[in-house]
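All values reported here derive from a predicted model rather than from experimental measurement.
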Amino acid sequence: MPQDARLASRLLSCLEREILPATEHAVAAGNKIFGAALLRRDSLETVLIGTNNETACPLWHGEVHTIKLWHERLGGRPGPGELLFLSTHEPCSMCLSAIAWAGFPSFHYFFSHEDSRDAFAIPHDLRILAEVFGLRPGGYRRSNAFWNGIAISDLIAAAADRNALQARAEAIRAAYAQLSARYQAGKEGNRIPLR
């Protein structure tokens, strides 16, 4: 299996079997649908799964909370260069900065900023990019001196067997749509400032 297809398949498996079940528990506790994982670059073995935990602290977005857990549970080891950072959603400006500060050279993401706004009714990331930085959706540089941001959809598009991968991606989208509906139905009862 070519490299893009192998990587896309493994990232989809991590989303399907590991991040999504953890996110179901996080949403049941009143948190948003964002999550992340750390995988070993060499073997693609999962090292750690994290989810949004904004009900405990509004800064604990999926990516930031995962970085926090990585340092608490693993003492920051293995190092960021040995790990692949997977985010369910394209990171917000805070999470992009956290990924840079933590030293991760790249990250992969499943849903785009526009998906967060349009499919999930969580527009805050794009509002902050526009209001604070004057950027349109996705207007930041995905390749820069700190990291490279890679959409899983680009890996799928480059894969020879993209139809099977695309079918899995659509099933993941459907599962997240159901989780989003649950979050939206119950969000008024939580204490997250930007719901």
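With values rounded to the nearest 0.5 angstrom, Leu86 atom CG is found 9.5 Å from Glu18 atom CD. To the nearest 0.5 Å, atom CZ of residue Arg182 and atom CD of residue Gln178 are 6.5 Å apart. The distance from atom CG of Leu126 to atom NE2 of His124, rounded to the nearest 0.5 Å, is 10.5 Å. Atom CG of Leu12 is separated from atom CD of Gln166 by 9.0 Å, given to the nearest 0.5 angstrom. Atoms CG and CD, from Leu69 and Glu72 in turn, are 6.0 Å apart once rounded to the nearest 0.5 Å.
Within 6.0 Å of the CZ atom in Arg173, the count of heavy atoms belonging to other residues, nucleotides or ligands exceeds 12. Annotation for Phe146: atom CZ does not count as buried by contact number, only 12 or fewer foreign heavy atoms lying within 6.0 Å. Within a 6.0 Å sphere centred on CD of Glu131, heavy atoms belonging to other residues, nucleotides or ligands number 12 at most.
In this structure, the salt bridge (Lys or Arg N to Asp or Glu O under 4.0 Å) partners of Glu16, at least two apart in sequence or on a different chain, are Arg168.
His108 has its side chain within reach of Leu155: a pair of non-hydrogen atoms, C-beta onward, lies under 4.5 Å apart. A 4.5 Å side-chain heavy-atom check between His89 and Ile33 finds at least one atom pair inside the cut-off. Between Tyr176 and Leu20 the shortest side-chain heavy-atom distance falls below 4.5 Å. Inter-residue side-chain proximity for Leu129 and Asp125 is flagged as unmet; no heavy-atom pair is nearer than 4.5 Å.
A donor atom on one side chain and an acceptor atom on the other are not found under 3.5 Å apart for Arg117 and Ser112. Side-chain atoms of Asn31 and Thr55 include a donor-acceptor pair closer than 3.5 Å.
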Side chain to side chain contact (heavy atoms under 4.5 Å, CB included) between Leu39 and Leu83, intermediate numbers included:
CA-CA 5 Å; Leu39 293 81; Leu83 298 171; over 6 Å; no
Under 3.5 Å, which donor-acceptor pairs link side chains of residues 95-106 to any protein atom two or more places apart or in another chain?
| unit_1 | atom_1 | unit_2 | atom_2 | d |
| --- | --- | --- | --- | --- |
| Ser97 | OG | Ser93 | O | 3.2 |
| Ser106 | OG | Arg41 | NH2 | 2.7 |

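Under the 4.5 angstrom side-chain criterion for Ile, Leu, Val, Met, Phe, Trp and Tyr, the cluster partners of Met94 are Leu59, Trp60, Val64.
Taking the six-membered ring where the residue is Trp, the centroids of Phe120 and Phe111 are separated by under 6.0 Å.
Ring orientation note: the planes of Tyr140 and Trp147 are nearly perpendicular, at an angle over 60° on the 30°/60° scale.
Between the side chain of Glu90 and the main chain of His113, a donor-acceptor pair closer than 3.5 Å is present. Remark: side-chain polar atoms of Ser9 are not paired, donor with acceptor, to backbone N or O of Ala5 under 3.5 angstrom. In this structure, the side chain of Asn144 engages the main chain of Arg141 through a donor-acceptor pair within 3.5 Å. In this structure, the side chain of Ser87 does not engage the main chain of Ala36 through any donor-acceptor pair within 3.5 Å.
Taking 4.0 Å as the cut-off between side-chain N and carboxylate O, Glu63 and Lys68 do not count as a salt-bridged pair. The existence of a salt bridge linking Glu170 and Arg162 is excluded, since no basic side-chain nitrogen approaches an acidic carboxylate oxygen closer than 4.0 Å.
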